[in-house]
Amino acid sequence: MAQGALFDEPAQQGIVALGPEARVLRGFALPWVDRLLAALAEVERAAPPRHMLTPGGLAMSVANTNCGALGWVSDRRGYRYSATDPQSGQPWPAMPAAFAELALAAAAAAGFADYAPDACLINHYRPGTRLSLHQDKDERDHRAPIVSVSLGMPAVFLFGGLARADKALRVPLQHGDVVVWGGVDRLRFHGVLPLKELPHPLLGAERINLTLRQAG
Ligand code: MD3
Ligand code: FE
């Protein structure tokens, strides 16, 4: 392959249905990337990513932080949403306009009107980081959509069923892809396979996932 050809590939576009109310929007975030990364740097200056403890007392493989009125936290006491960053005692940084605008546009493109996310969980992955199969159940409304934005290194997303043992679909996610889940697909088991080391031209050996939720 000619040198640089990998970076010259046009980004994939289009909408892929994973379920009745789950959509992958290929490359949807690409026009927002510069604004997202600038806003992200501001957020993480105030609330740096950290490895939270699981209720079992182990450090999570993913490093995370939050912005918005509510943030997802994990410690020995369990998982929950909190209005303050336990590390600083301060409210989480405000939701950047670029995050909210992208989330609204993506939700609308996937058929969800009136989306009002009040929480954004920011996950950082390095080569080898994984997220084991789980359900997102800590939010008040178990049908409200979740918008997930993938940045940096590619990952293979596992999209399972409503029971842990259901066979999971493997969905490759690239820089700029956005996934929207809601309604009947909202409580499906999901996870991320251990990341391969495939450095990204903009973000290096890192994957960042923004997960916007209506938590409260
Ligand atoms: C699938 N994060 O933080 S996006 C998580 O790439 C999480 O960091 C992943 O799973 C990541 O909890 C993937 C999130 C997601 C959220 C809700 C879902 C995937 C979902 C609901 C149903 C099915
Ligand atoms: Fe999840």
Side-chain angles (χ1 to χ4, degrees), residues 16-26 28-29 36 40 49-52 54-55 60-68 70-74 78-81 92 99 102-103 106-107 110-112 115 117-164 166-196 200 203 206-215:
V16 182
L18 296 179
E21 296 183 86
R23 299 286 183 274
V24 182
L25 312 175
R26 295 278 178 216
F28 193 88
L36 294 177
L40 184 67
R50 79 293 304 259
H51 294 273
M52 294 182 185
T54 64
M60 288 184 62
S61 157
V62 175
N64 44 39
T65 185
N66 294 276
C67 59
L70 292 170
W72 184 87
V73 296
S74 176
Y79 308 126
R80 66 194 169 276
Y81 280 90
W92 295 103
F99 286 26
L102 168 57
F112 296 97
Y115 186 45
D118 56 10
C120 177
L121 173 63
I122 300 161
N123 290 331
H124 285 258
Y125 296 77
R126 295 282 182 185
T129 303
R130 67 193 290 263
L131 189 62
S132 47
L133 218 55
H134 67 279
Q135 290 172 297
D136 289 14
K137 289 184 119 171
D138 303 322
E139 301 73 27
R140 208 162 54 90
D141 177 353
H142 286 167
R143 291 181 61 89
I146 291 184
V147 172
S148 142
V149 182
S150 290
L151 299 168
M153 290 207 297
V156 177
F157 184 76
L158 293 173
F159 189 60
L162 293 176
R164 184 178 289 278
D166 291 347
K167 198 171 152 48
L169 205 66
R170 290 174 180 223
V171 184
L173 293 179
Q174 309 277 345
H175 177 74
D177 289 348
V178 177
V179 195
V180 184
W181 292 272
V184 297
D185 291 316
R186 179 60 178 71
L187 289 180
R188 288 172 73 147
F189 278 88
H190 59 279
V192 179
L193 288 182
L195 250 71
K196 289 190 181 169
H200 183 269
L203 288 166
E206 185 167 42
R207 171 177 189 257
I208 303 173
N209 185 264
L210 313 177
T211 305
L212 292 107
R213 301 137 189 267
Q214 225 163 266

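Residues: numbered from 1 along the sequence shown. Everything numeric here is computed off the predicted structure, so don't read it as measured data. Counting starts at 1 for both ligands and their atoms, in listed order. The basis for the numbers below is simple: all heavy atoms, side chains too, and nothing from hydrogens, waters or symmetry mates.
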Pairs under 3.5 Å, N/O atoms on ligand 1 and on the protein: can you put them in a table with the distances?
residue  : atom   : partner : partner atom : Å
ligand 1 : 3 (O)  : Asn123  : ND2          : 3.0
ligand 1 : 3 (O)  : Arg213  : NH2          : 3.4
ligand 1 : 6 (O)  : Arg207  : NH1          : 2.9
ligand 1 : 6 (O)  : Arg207  : NH2          : 3.2
ligand 1 : 6 (O)  : Asn209  : ND2          : 3.4
ligand 1 : 8 (O)  : Asn123  : ND2          : 3.0
ligand 1 : 8 (O)  : Tyr125  : OH           : 2.5
ligand 1 : 8 (O)  : Asn209  : OD1          : 3.3
ligand 1 : 10 (O) : His134  : NE2          : 3.3
ligand 1 : 10 (O) : His190  : NE2          : 3.0
ligand 1 : 12 (O) : His134  : NE2          : 3.1
ligand 1 : 12 (O) : Asp136  : OD1          : 3.3
ligand 1 : 12 (O) : Asp136  : OD2          : 3.3
ligand 1 : 12 (O) : Arg213  : NH2          : 3.2

Could you pull out every donor-acceptor pair under 3.5 Å between side chains of residues 154-162 and any protein atom, sequence neighbours left out?
none

Please, which pairs that meet salt bridge (charged side-chain N to carboxylate O under 4.0 Å, His left out) have at least one residue in residues 121-131, sequence neighbours excluded?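 Sorted pair list: Arg126-Glu206.
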
Test Asp138 against every option in Trp72, Tyr81, Tyr79 by the side-chain hydrogen bond (donor to acceptor under 3.5 Å, both in side chains) rule and name the one that passes.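 Single side-chain hydrogen bond (donor to acceptor under 3.5 Å, both in side chains) partner of Asp138 among Trp72, Tyr81, Tyr79: Trp72.
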
Report the name of the N/O/S atom of [X] located nearest to the Fe ion (ligand 2).
X	result
His190	NE2
His134	NE2
Asp136	OD1

Indicate yes or no: at least one non-hydrogen side-chain atom of Met153 is less than 4.5 angstrom from one of Leu203. no

Is there side-chain contact between Asn64 and His51, with at least one heavy-atom pair below 4.5 Å?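 Result no, sub-4.5 Å side-chain heavy-atom pair not found.
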
Once ring-ring contact (aromatic ring centres under 6.0 Å, His included) is applied, do any residues pair with His134, and if so which ones, sequence neighbours excluded?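 So His134 forms a ring-ring contact (aromatic ring centres under 6.0 Å, His included) with His190.
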
Any chance you could lay out the side chain to side chain donor-acceptor pair (under 3.5 Å) test for Asn209 and Ser148, step after step, and finish with the verdict? CA-CA 7 Å; Asn209 185 264; Ser148 142; 3.1 Å; yes

